[in-house]
There are 2 protein chains.
Amino acid sequence: METLLPKFDSVFSVDCVIFGFQANELKILLIERNQEPYKGRNALPGYIVKDDESIDDAAERILYELTGLRGLHMEQFHTFGDVDRHPQGRVITVAYYALIRIDGHNEVKPVTNFARSAFWHPVNKLDKLPYDHSKIFETGFQKIRRRLSYQPIAFELLPEKFTLTQLQTLYEAILNKKLDKRNFRKKMLSYGFLKELDEKQKGVSYRAATLYRFDRRKYNKIFQNELNING
Amino acid sequence: METLLPKFDSVFSVDCVIFGFQANELKILLIERNQEPYKGRNALPGYIVKDDESIDDAAERILYELTGLRGLHMEQFHTFGDVDRHPQGRVITVAYYALIRIDGHNEVKPVTNFARSAFWHPVNKLDKLPYDHSKIFETGFQKIRRRLSYQPIAFELLPEKFTLTQLQTLYEAILNKKLDKRNFRKKMLSYGFLKELDEKQKGVSYRAATLYRFDRRKYNKIFQNELNING
DNA sequence: AGATAAGGTGTAATCTTTACACTAAGTAAT
DNA sequence: ATTACTTAGTGTAAAGATTACACCTTATCT
């Protein structure tokens, strides 16, 4: 009654595009590889899935091993399966992205020695990455750009308390275009999910801006799931 | 210098959610399996990827073998990789969807004997499917629903010449809500990519409607890529 | 006290969306 | 040929959203 599955030597892996925002720049997390091929080169954090873990679980584990980051909500966005994408054999890779507040996660450090180091790198100063990682990054970047226009993902990149100018700068970094200050504020505040705090920015050498917090509870009440922000 | 890849017995497969539109109903293509497990059950067309073909190529080949359909533009939408999703071992599957005009492809017929038959089935009368195919279908359906609001994918489901009422009915079937006739027409025509033909519907027992054609050349000129249709 | 740098604010014009109901044209039946 | 039936096809006003645009305020620094 059983029919055997055909088998061949194949491997699947996970690659991660982890976005962060720091010093008004959008960044992603890279590792310096400590293994052939491409030893010494910078690449996306990625590794092989084990046979007894789901790919979602693998994504979490691999990110932890290569960067020390834990418990991120990662979202799968595409699977890359060209025959020759890996020089050592048939490897298809499932790509994930996540958005993270860099502050507090500034120090990232591999737990295994597959990577020599991990670090944040500005997205608009990326060199060519090994394998098809440049393509993977580009695809992921497109996905979050699109998603930004219908879901409040920006807040995952900001500190818990942020100014409206920070929020706008982040939108501008992702969408890669300038937005009008008054219109941006009007629209953001009109949604009703930003809570104005009784607190001002500290440590700036000019007028301090009011801090806001994203109120997810209100957001969920107001929208089932959708926004529409196009600048 | 080389580092060996860890290997284990794993397989990757492709599953297809092929949408069609017929008799004012949205349908998908199912096969009747002719092999264990689930012999005799209806399932999504899907099979194992070969070691020397890309997953995109595999999707095309597998769809052809199971349904006789060829040369469709298929779009990958998600990869399912839970450990226990397949009763015979570790199989991760990459899911694809495509949209197709049923007319002319009404007769679908497997080329291999892995499937006993293939047929169109209305999406709102689907029973539970084997493996995690119900979940795969739902995910794919969500994706095209979202995509409908920013890309002109509806025209891939309609005959080359269609009436505005047919177009509206299709939108209603995918979005699962009623749209206002006047507003729908106004908006669709305002885009400027529908070409009104000098031809009327034939064989109807009431006033015949004007036929239209989707003008992709104009569409590409007008939009780089985006629409926004939300009913 | 003055210079500097960002924070914060309103309005009018245009465009888009929504809600809504009747006549026109063709076919079928008598 | 009249009538009944069924779908095609059409316009407008009100409300809401988007855009474009410039100056005063507040804090810090010297």
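For the numbers below, each heavy atom of this structure counts, side chains included, while hydrogens, waters and symmetry mates do not. Just so we're on the same page: letters track the sequence lines, and every chain starts at 1.
Distance, Arg185(B) CZ to dT18(C) P: 18 Å, rounded to whole Å. The CG-P distance, from Leu211(A) to dG8(C), rounds to 9 Å in whole Å. The interatomic distance linking Glu196(B) (CD) with dG9(D) (C1') rounds to 11 Å, in whole Å. In this entry the distance linking NZ of Lys181(B) with C1' of dG11(D) reads 14 Å, nearest Å. Here the P atom of nucleotide dG7(C) and the CD atom of Gln168(A) are 10 Å apart, to the nearest Å. If you take CG of Leu179(B) and C1' of dA19(C), they are 14 Å apart, rounded to a whole angstrom. Across the protein-nucleic acid pair, Leu189(B) atom CG and dA8(D) atom P stand 14 Å apart, rounded to whole Å. Summarising the geometry, the separation between NZ on Lys178(A) and C1' on dT19(D) is reported as 18 Å, rounded to the nearest angstrom.
Taking CG from Leu30(B) and SG from Cys16(B), the interatomic distance works out to 12.0 Å, rounded to the nearest 0.5 Å.
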Polar atom pairs between nucleotides 10-14 of chain C and protein, under 3.5 Å, N or O only, would you list them?
residue : atom : partner   : partner atom : Å
dG10(C) : O6   : Arg182(A) : NE           : 3.4
dG10(C) : N1   : Arg182(A) : NH1          : 3.4
dT11(C) : O4   : Lys186(A) : NZ           : 3.0

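For the residue pair Tyr97(B) and Arg147(B), a side-chain donor N or O sits within less than 3.5 Å of a side-chain acceptor on the partner. A donor-acceptor contact closer than 3.5 angstrom links the side chains of Arg185(B) and Thr165(B).
Thr210(A) comes within 4.0 angstrom of the backbone, heavy atoms only, and of no base. At a threshold of 4.0 angstrom between heavy atoms, the contacts of Thr163(A) with the nucleic acid are absent.
Salt bridge Arg41(A)/Glu32(A): absent, no basic N to carboxylate O contact under 4.0 Å.
Take Phe214(A) and apply the ring pair (Phe, Tyr, Trp, His ring centres under 6.0 Å) test, not counting sequence neighbours, and it matches Phe155(A), Phe193(A), Tyr219(A).
Using a 4.5 Å heavy-atom cutoff, the side chains of Tyr96(B) and Ile55(B) are in contact.
The salt bridge (charged side-chain N to carboxylate O under 4.0 Å, His left out) pairs that include a residue from residues 199-208 of chain A are Lys161(A)-Glu199(A), where partners are two or more places apart or lie in different chains. Applying the salt bridge (charged side-chain N to carboxylate O under 4.0 Å, His left out) rule to pairs touching residues 56-72 of chain A yields Glu53(A)-Arg61(A), Arg61(A)-Glu65(A), sequence neighbours excluded.
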Please output the side-chain donor-acceptor pairs of residues 135-145 of chain A that fall under 3.5 Å, not counting sequence neighbours, one pair per line with the distance.
residue   : atom : partner   : partner atom : Å
Thr139(A) : OG1  : Lys135(A) : O            : 2.8
Arg145(A) : NE   : Ile174(A) : O            : 3.1

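Side-chain nitrogen and oxygen atoms of Lys187(A) include none within less than 4.0 Å of the OP1 or OP2 phosphate oxygen of dA17(D).
At a non-hydrogen distance threshold of 4.0 Å, Tyr206(B), Arg207(B), Ala209(B) from residues 199-209 of chain B come into contact with DNA chain D.
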